[in-house]
Amino acid sequence: MLIILKPDATPEAIEQIRQTLQQIAYNVQQLNDHPPVIFQASADGLPIDTRMLEGNPAVERILTEQPPYKLVSRAFRSRDTTISLGEITLGGGKPVLIAGPCAVENEAQIRETARLVYSRGVRLFRGGAFKPRTSPYSFRGLKEAGLKLLQKVRQEFGLYVVTEVLDPTDVPLVSEYADILQIGSRNMQNFALLEAVGRTNKPVLLKRGMSATLTEFLLSAEYILQAGNEQVILCERGIRTFVEYSRNTLDLNIVPMVKEISHLPIIVDPSHGTGRRNLVIPLALAALAVGADGVMVEVHPNPPQALSDAQQALYPEQFVELTERFQQFVKNNP
Ligand code: PEP
Ligand code: MN
């Protein structure tokens, strides 16, 4: 690892960095006396925890070993990737909202939700026709009939549809109906599926696996880019921890961390992240505060009747409140 100091680093700052390095590495060597001073540090092949040096005003740059991902990294492309759908731009600095039910259930439910979403100025509409369910006895979606219902409201209201694809063989079918293909948490490491969506020209919303590290998450995105599709949106949706009061723990740390190391947009899903409708608005606002490019939520005209994820679906009134507070945030943070 190389630590390159600022040309104007004072002798005191250089000495302080040397001492810090001696705490976190075994072998520390100053390579030169002239500015910019460069230190070389190693720990006999073990990784060095550089957090002690983060934000140090005398440090210009830290060069660690090459990360295993390439195409998704800022080293490969420094400017942010943006994804455009008509008048909507994801990743352009202005956060966007994606909303809709967990699952497409029937025509009345999907039309009523679409009307609500549209009336609040939201143009990205989510809804699963192919549902990955933990139990094979749960409602697993209307499949192609569900895609057809999505197409109806897409045309009727002029919405853009985000919907999940579960199997590589379904990618051509789902691509006919989707504006954005969703890869769910349970499929984040389904490499055949990642390659299949990577061969399409549709934007892909890639959800973080529920126990995936940041590196694993980025490597999954790398599969899609490597297959030729650069339009990838990352989505933090909560990870498994020991907590029992919420379905998952929303890892908001990952948002500014991704921004530092990757050019891809990242959105946050506080519905699956919490599993509780009353936590969705506060966590949606928290996601905006940490710099997310968007938020995706589940909303249902009659949550207690929802065929999946009933506890986390927002009531229409809650959704209206969310859109008001979302718009307020965007207005106050241009
Ligand atoms: C979903 O968004 O419909 C979904 C199934 O979420 P996840 O894959 O994050 O569990
Ligand atoms: Mn759901």
Side-chain angles (χ1 to χ4, degrees), residues 97-105 109-110 113 117 122 124-136 138-143 146-147 149-150 160-167 170 174 177-190 193-194 197 203-212 216-217 220-221 224 232-241 246-252 254-255 266-277 279-280 283-284 287 292 294-315 318-319:
L97 195 52
I98 305 175
C102 178
V104 181
E105 298 171 3
Q109 170 248 11
I110 214 71
T113 317
V117 166
V122 175
L124 294 175
F125 187 66
R126 62 146 292 143
F130 290 87
K131 292 301 302 173
R133 301 308 299 275
T134 304
S135 163
S138 299
F139 174 62
R140 288 155 72 185
L142 299 178
K143 318 270 181 348
L147 294 176
L149 292 179
L150 284 171
Y160 297 99
V161 163
V162 183
T163 197
E164 181 161 353
V165 56
L166 286 181
D167 191 293
D170 292 331
V174 181
Y177 297 90
D179 295 293
I180 299 181
L181 293 168
Q182 178 172 318
I183 302 293
S185 194
R186 290 156 191 80
N187 269 320
M188 189 204 81
Q189 287 187 315
N190 181 337
L193 184 59
L194 297 176
V197 296
V204 177
L205 195 160
L206 176 67
K207 298 190 91 176
R208 181 182 182 182
M210 56 189 83
S211 55
E216 288 163 347
F217 191 17
S220 288
I224 302 170
V232 176
I233 305 147
L234 302 169
C235 178
E236 163 60 33
R237 49 77 71 205
I239 49 172
R240 279 273 168 93
T241 69
S246 64
R247 182 175 178 183
N248 289 297
T249 294
L250 197 59
D251 178 18
L252 291 179
I254 207 171
V255 174
I266 178 162
I267 68 162
V268 171
D269 170 356
S271 299
H272 294 87
T274 64
R276 302 180 77 128
R277 73 180 117 260
L279 299 184
V280 170
L283 272 298
V295 169
M296 180 162 82
V297 297
E298 292 185 344
V299 52
H300 195 282
N302 186 357
Q305 298 290 310
L307 296 182
S308 62
D309 289 350
Q311 305 88 331
Q312 69 196 38
L314 292 175
Y315 278 93
Q318 290 179 305
F319 178 67

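Remember, it's 1-based here, ligands and their atoms both numbered in the order they're listed.
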Atom 5 (C) of ligand 1: which protein heavy atom is closest, and how many Å away?
E164 OE1, 3.7 Å
N/O separation below 3.5 Å, S185 to ligand 1:
yes
Testing the basics here: between D269 and L250, what is the closest heavy-atom pair and its distance to 0.1 Å?
O-CD1, 3.7 Å
Given Q312, which of E298, R277, R276 fulfils the side-chain hydrogen bond (donor to acceptor under 3.5 Å, both in side chains) condition?
E298
As a test of understanding, state which of V295, V299, T274 forms a side-chain contact (heavy atoms from CB on, under 4.5 Å) with V280.
T274
Near the Mn ion (ligand 2) (protein N/O/S, cut-off 2.8 Å, waters excluded) we have C102 SG, H272 NE2, E298 OE2, D309 OD2
Touching ligand 1 at all, R126? Heavy atoms, strictly under 4.0 Å?
yes
Could you list which atoms of ligand 1 come closer than 4.0 Å to a heavy atom of G184?
8 (O)
Nearest heavy-atom neighbours spanning L166 and N187:
O-ND2, 3.4 Å
For P136, all residues meeting side-chain contact (heavy atoms from CB on, under 4.5 Å), sequence neighbours excluded
R140
Test your reading of the structure: does D269 have an N or O sitting under 3.5 Å from an N or O of ligand 1?
no
What's the shortest distance from atom 4 (C) of ligand 1 to any protein heavy atom, and which residue and atom give it?
H272 NE2, 3.5 Å
Within the 4.0 Å heavy-atom shell around R237, which atoms of ligand 1 are there?
7 (P), 9 (O), 10 (O)
Can a donor-acceptor pair be found between the side chains of H300 and D309 at a distance below 3.5 Å?
no
Go through ligand 1 atom by atom and flag the ones less than 4.0 Å from a non-hydrogen atom of R186.
7 (P), 8 (O), 10 (O)
Within the 4.5 Å heavy-atom criterion, are L205 and I98 side-chain neighbours or not?
yes
What residue and atom, counting heavy atoms only, is the protein's closest point to atom 6 (O) of ligand 1, and at what distance?
K207 NZ, 2.9 Å
Tell me whether ligand 1 is touched by M210 - counting only heavy atoms on the residue side and a distance under 4.0 Å.
no
Heavy atoms of E105 and S308 approach each other most closely as OE2-N, 4.3 Å
Crowding at CZ, R240 (>12 non-hydrogen neighbours, <6.0 Å):
no
For Q109 versus P101, what's the shortest heavy-atom pair and its separation?
NE2-CB, 3.4 Å
Looking only at heavy atoms, the pair that brings D179 and Y160 closest together is OD2-CA, 3.2 Å
